[in-house]
Enquirer: 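Please see the structure below; I have some questions.
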Amino acid sequence: MINKPSQLTRRVEIVYCPMCTHTVQASVVLEGKRLVVAPGQTCGRCQSALDAGYVIRRERAA
């Protein structure tokens with residue numbers, strides 16, 4: 001099996017903060033087929049870590 005180098009493309013998406021129950025903008029990276037919050041991101045409202053935050057995908061035009 002050949003391992004391909006992973007491309008870490010960052011983009012800004014809307015993320016749900018489990019601490020303050022609001023949605024905020026944060027940088028996310030593609031990990032396999034999933035979007036995960038980039039390490040070290042904090043919520044803009046309550047300053048808690050967004051590592052456990054849920055990424056909400058935006059609808060994009062084709």
Side-chain angles (χ1 to χ4, degrees):
M1 177 177 262
I2 298 172
N3 293 332
K4 294 181 182 179
S6 61
Q7 291 180 336
L8 295 176
T9 56
R10 288 184 180 234
R11 60 183 183 185
V12 176
E13 294 288 341
I14 297 175
V15 177
Y16 174 77
C17 176
M19 293 301 285
C20 66
T21 66
H22 285 92
T23 54
V24 293
Q25 289 187 346
S27 296
V28 297
V29 294
L30 186 63
E31 222 178 66
K33 291 184 179 181
R34 299 182 329 140
L35 284 175
V36 294
V37 180
Q41 295 288 311
T42 58
C43 176
R45 297 177 59 97
C46 66
Q47 303 304 319
S48 66
L50 287 175
D51 293 336
Y54 180 75
V55 178
I56 301 173
R57 292 190 180 195
R58 290 185 184 173
E59 295 295 326
R60 296 183 187 261

Enquirer: Does Ile56 form a side chain to side chain contact (heavy atoms under 4.5 Å, CB included) with Glu13? I'd like the steps, not just the answer.
Expert: CA-CA 7 Å; Ile56 301 173; Glu13 294 288 341; over 6 Å; no
Enquirer: What pairs meet the side chain to side chain donor-acceptor pair (under 3.5 Å) rule with one or both residues in residues 16-30, with sequence neighbours excluded?
Expert: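 Every side chain to side chain donor-acceptor pair (under 3.5 Å) pair that includes a residue of residues 16-30, provided the two are not neighbours, is His22-Arg45.
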Enquirer: How close do Val37 and Gly53 get, heavy atom to heavy atom, and via which atoms?
Expert: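 It is CG2-O, 4.0 Å.
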Enquirer: So do Val29 and Val36 actually touch side chain to side chain, heavy atoms under 4.5 Å?
Expert: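 Sidechains of Val29 and Val36: in contact.
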Enquirer: Measuring from atom SG of Cys17 to atom CD of Gln41, what distance do you get when rounded to the nearest 0.5 angstrom?
Expert: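 Cys17 SG to Gln41 CD: 12.0 Å, rounded to 0.5 Å.
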Enquirer: Are Ile14 and Leu50 in one and the same hydrophobic cluster, where Ile, Leu, Val, Met, Phe, Trp and Tyr link if side-chain heavy atoms are under 4.5 Å apart?
Expert: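 Shared cluster, no.
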Enquirer: Going through the checks in order, is the side chain to side chain contact (heavy atoms under 4.5 Å, CB included) test met by Leu35 and Leu30?
Expert: CA-CA 5 Å; Leu35 284 175; Leu30 186 63; 4.0 Å; yes
Enquirer: Minimum heavy-atom separation for Pro39 and Asp51, please, with both atom names.
Expert: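 What the structure gives for the nearest pair is CA-OD1, 4.0 Å.
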